[in-house]
Amino acid sequence: MAEKLFGKAMKRVEDPRFITGTGNYTDDMTLPGMVHAAMVRSPYAHARIKRIDTSKAQAHPGVLAVITGQEMKDAGINGIPTGWLHPGIKTPPHYAITFDKARHVGDIVAAVIAETRQIAEDAAQLVEVDYEPLPAVSLGSEALKPGAPAVHDDVPDNVCFTWSIGDKEAVDKAFAGAYKTVKLKLRNNRLVPNAMEPRASLAQYLKASDEYTLWTTSQNPHIHRLLIAAFIMGIPEHKLRVIAPDVGGGFGSKIYQYPEEIIVLYAAKKLGRPVKWTARRSESFVTDSHGRDHETVAEMAVDQNGKITAVRVDTIANMGAYLTTFAPAVPTYLYGCLLAGTYTTPHIYCHVTAPFTHTTPVDAYRGAGRPEATYLLERLVDVMAHELGMDPVEFRRKNLIPPDAFPYQTPVALQYDSGNYEANLDKALEMVGYKQLRQQQAEWRKQGRYMGIGVVTYIEACGLAPSALVGSLGAQAGQWESALVRVMPTGKVEVFTGTHSHGQGHETAFSQVVADLLGLPLEDVEIVHGDTARIPFGMGTYGSRSLAVGGEAIVKACDKIIAKGKKIAAHLLEASEADIEFKDGKFTVAGTDKSKTIGEVVFAAYVPHNYPAGLEPGMEEGAFFDPPNFTYPAGTYVCEVEVDPQTGKVDIVKFVAVDDFGNVVNPMIVEGQVHGGLVQGIGQALLEGVRYDESGQLLTGSYMDYCMPRADDVPSFEVVTARGTACTSNSLGVKGCGEAGAIGAPAAVINAIRNAIGVRVEMPATPERVWRAIQSSPLAKAAE
């Protein structure tokens, strides 16, 4: 009997090429005759472009072309579309190269193509742009004030859209009759994604066949091909091949269509030579779509029994200067629909205003709306518990959705299919030793030590679905996934998936699933992704969808392989198809020892000398899967901190994470995903934060100014990802896991700091901010 691989912690099969430096990234590639692009970027957040003089750059030795926005517009290159629309949304054009105004620092105003990267970058300094600097606005709330500088002339009030969900009248009534209410003004700090690999693109044009190839750092190559071909360049889709080779992290920032990809494609055709561009890290800070940036007023109401009766939220979601691919979905359906959290709140109302500002565009970043919702909700829960004089754990327990309530319909559209939130809570409290920890905290406070405990019970919705639903909500694409499984005559298997792996471990996890289903050794399965010329049309990887949606498509394709195999085996074994069973790689006549291996059956399919009449030869099957619902991973995080009252420095002493991801294919990979998310969440809570000055200049444009988490900023995590409650939306019973850590960690850390010092502090809770907060803390005053 073959060893079962589903549920086994295995080292990733793709890792040897990464740790030995033999991965194949876009910037590693060199093509014959390849030249290089450098972008001329605006140093102003807002400026009218009065004149561009390219003559000095054109005359520089080695320069082949200087491309302007007007040239590309005249050539019929359209603006970049957005893939999610709301009623009344304003969608001003976003051209790859702007030609009238610069609308954020880093906006491209010209592109230089030269024989080498150095020449291109030197020549970019020679392009003379006559700017007329204009007033700028970087904060969302400031952009909404009367008389604020308009980012786009045709959107004079800067309002991109407004959106709401929930029953406002019922919420207002609940607040009017509440026993107690709390109100918080919160800022969810803007973040730079900082993937390890900078964005890069390499374009080639073949005149003889009129075909383009684009190698690029993409999480969803088919979406890039569709947008570029159908909407931007107006070329037949089959004439553009997009390849996303090894990609060094994305966190959402490589979902979107970026200007540089269009520019290198245009330049490759113009010059008849391959054109490459790779971002400098300083460019990444001002061009990679940022995340978060919410200003929110959040309120909670409870009755006299401590039951939450209503939540009311009003958010200003900064969209930046332009709309990117999925930006309008993030502060709306991925945010407002999660405000029920894990609680039985009967009434919720959320209103969102989304302004344009003179800043880098904002879109999905790990968690995308779910961290923002969890942060405000879990902060409210802690503050309300304090106001009621209740332990925050007991207040949460009182309001958790019970395990016998599923499927559970929330008042904000979503229906949770499964969960056991109290079990997650109990496990986390057991691991951290909660009762003893509270006793220790009391003892330490007598000694003047500031120890705090933060608790979060989170939920997220991931694997967006189904297509009909998201289409009705504004999505301009489906949310299904595709797969093709090819069993070759020798029994080896190729699996072609529409998802893309850029750190998730698909080559291992998908292979484990297929090897188990077909009863084959892991090494006989190869996963192919990232090349539109090889894989079926697919939607890519984001929103923790790959296994729950893409994996289920693979399962369905394997099911078709097995079904066909049963027909062939029945013929070979002279039995009824209904009597054929398949297990551990063998087709067996039920109740007998007569069997054929999958290898024998597949060989017969390719050499059909003794074969069922009318059945197609070969063994290759495709499938699509459009899930009936999201998946809903959930969990409890407990963070213990100690704060130095003299410096404000926060040390995370312990962090426990208990996550319900349903059935787990590879616990080691999942635990690694949680670790990464926790570090990013802790980074947001303590260290990271984008800052602009009043003129729209980015003050945190390098690692000298933007603080990233390091190994000594985090503890050794205690993580439990054991089998939870199985998801009912896919046959694997799996839920997404890639974003959970980033969703739950920020609130856990900030709640712990609040518990330690007795007053609230905003993210990032830098030592200076914490120290200043301590000065007003009742604990500090009591110690004087």
Side-chain angles (χ1 to χ4, degrees), residues 186-196 249 251-253 281-282 284-286 288-294 318 359-360 362 365-368 371-372 374-376 378-379 450 452 454 456 637 639-655 657 674-693 698-717 739-757 759-774:
L186 299 165
R187 178 77 191 275
N188 205 289
N189 42 322
R190 181 185 282 233
L191 304 174
V192 176
N194 284 306
M196 185 178 293
F251 314 119
S253 70
R281 186 60 69 175
S282 57
S284 298
F285 271 91
V286 295
D288 290 7
S289 287
H290 293 173
R292 317 292 192 248
D293 203 347
H294 284 196
N318 194 333
T359 62
T360 300
V362 178
Y365 170 70
R366 198 170 192 167
E372 296 92 315
T374 299
Y375 180 71
L376 78 83
E378 291 299 306
R379 291 291 297 118
Y450 286 44
V456 160
Y637 291 173
C639 176
E640 176 193 349
V641 303
E642 183 172 6
V643 181
D644 183 342
Q646 302 303 315
T647 65
K649 186 177 187 302
V650 177
D651 287 323
I652 299 178
V653 179
K654 180 180 288 188
F655 201 109
V674 173
H675 282 198
L678 291 176
V679 172
Q680 285 178 289
I682 290 168
Q684 176 175 13
L686 296 180
L687 303 165
E688 299 182 54
V690 171
R691 295 289 299 276
Y692 288 95
D693 69 11
L698 182 64
L699 300 178
T700 51
S702 76
Y703 291 135
M704 295 296 289
D705 308 295
Y706 186 96
C707 189
M708 294 284 285
R710 293 167 173 79
D712 61 354
D713 293 314
V714 297
S716 181
F717 302 117
E739 297 165 293
I743 291 169
V749 174
I750 298 299
N751 282 348
I753 297 171
R754 165 69 175 78
N755 182 243
I757 67 176
V759 291
R760 56 176 296 210
V761 63
E762 288 279 9
M763 298 190 293
T766 60
E768 180 188 358
R769 279 187 174 173
V770 174
W771 182 86
R772 291 186 182 279
I774 288 172

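Sequence positions, counted from 1, serve as the residue numbers for this chain. All values below were derived from every heavy atom in this structure, side-chain atoms included, with hydrogens, water molecules and symmetry-related copies excluded. What you see is a predicted model, and the numbers here were worked out from it, not measured in a lab.
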Take Leu698 and Val690 through the side-chain contact (heavy atoms from CB on, under 4.5 Å) test and state the conclusion after the steps.
CA-CA 8 Å; Leu698 182 64; Val690 171; 3.4 Å; yes
The reported gap from OG1 in Thr766 to CZ in Arg772 (rounded to nearest 0.5 angstrom) is 9.5 Å
Fit a plane to each ring of His290 and Tyr692, take the angle between them on a 0 to 90° scale, and name the class: parallel (under 30°), tilted (30 to 60°) or perpendicular (over 60°).
tilted
Verdict with supporting geometry, Tyr706 and Leu191, side-chain contact (heavy atoms from CB on, under 4.5 Å)
CA-CA 9 Å; Tyr706 186 96; Leu191 304 174; 3.8 Å; yes
Does the pair Phe717 and Val674 meet the rule for a side-chain contact (heavy atoms from CB on, under 4.5 Å), with working shown?
CA-CA 9 Å; Phe717 302 117; Val674 173; over 6 Å; no
For a quick check under 3.5 Å, do Thr359 and Arg190 share a side-chain donor-acceptor pair by atom type?
yes
Residue among Arg292, Glu739, Gln680 satisfying side chain to side chain donor-acceptor pair (under 3.5 Å) with Tyr365
Gln680
At their closest point, which heavy atom of Ile743 faces which heavy atom of Gly367, and how far apart are they?
CG1-CA, 4.1 Å
Heavy atoms of Asn755 and Gly452 approach each other most closely as OD1-CA, 3.4 Å
Might you confirm whether atom CZ of Arg281 has over 12 heavy atoms from other residues, nucleotides or ligands at distances under 6.0 Å?
yes
I'd like to check Pro767 versus Thr647 (side-chain heavy atoms, cut-off strictly below 4.5 Å). Are they in contact?
no
Side chain proximity check, Asn751 to Arg379, heavy atoms < 4.5 angstrom:
yes
Nearest heavy-atom contact between Pro746 and Gly741 is CD-O, 4.4 Å
Grab the two heavy atoms, one from Ile757 and one from Ala773, that are nearest each other, plus how far apart they are.
CD1-CB, 3.9 Å
Min side-chain heavy-atom separation Tyr450-Asp644 under 4.5 Å:
no
Between Pro709 and Gly683, which heavy-atom pair has the shortest distance, and what is it?
CG-CA, 4.0 Å
Identify the heavy atoms of Ile750 and Val761 that sit nearest to each other, and give their distance.
CG2-O, 3.7 Å
Evaluate Met763 against Leu686 for side-chain contact (heavy atoms from CB on, under 4.5 Å), listing each step before the verdict.
CA-CA 6 Å; Met763 298 190 293; Leu686 296 180; over 6 Å; no
Nearest 0.5 Å please: distance from the CG atom of Asp713 over to the CD1 atom of Ile682.
9.0 Å
Polar contact flag, side-chain donor to acceptor under 3.5 angstrom, Asn189-Glu688:
no
Looking at Ser289 and Ser253, would you say the former's side chain and the latter's main chain have a donor-acceptor pair under 3.5 Å?
no
With a 4.5 Å cut-off on side-chain heavy atoms, are Val192 and Ser284 touching?
no
Side-chain contact, heavy-atom cut-off 4.5 Å: His294 with Val362?
no
Using only atom types and a distance under 3.5 Å, with no angle test, would you say the side chain of Thr700 pairs donor to acceptor with the backbone of Arg691?
yes
Could you give the distance from CD1 (Ile753) to CD (Glu642), rounded to the nearest 0.5 Å?
12.5 Å
To the nearest 0.5 angstrom, please state how far the CG atom of Leu699 sits from the CG atom of Asp693.
5.0 Å
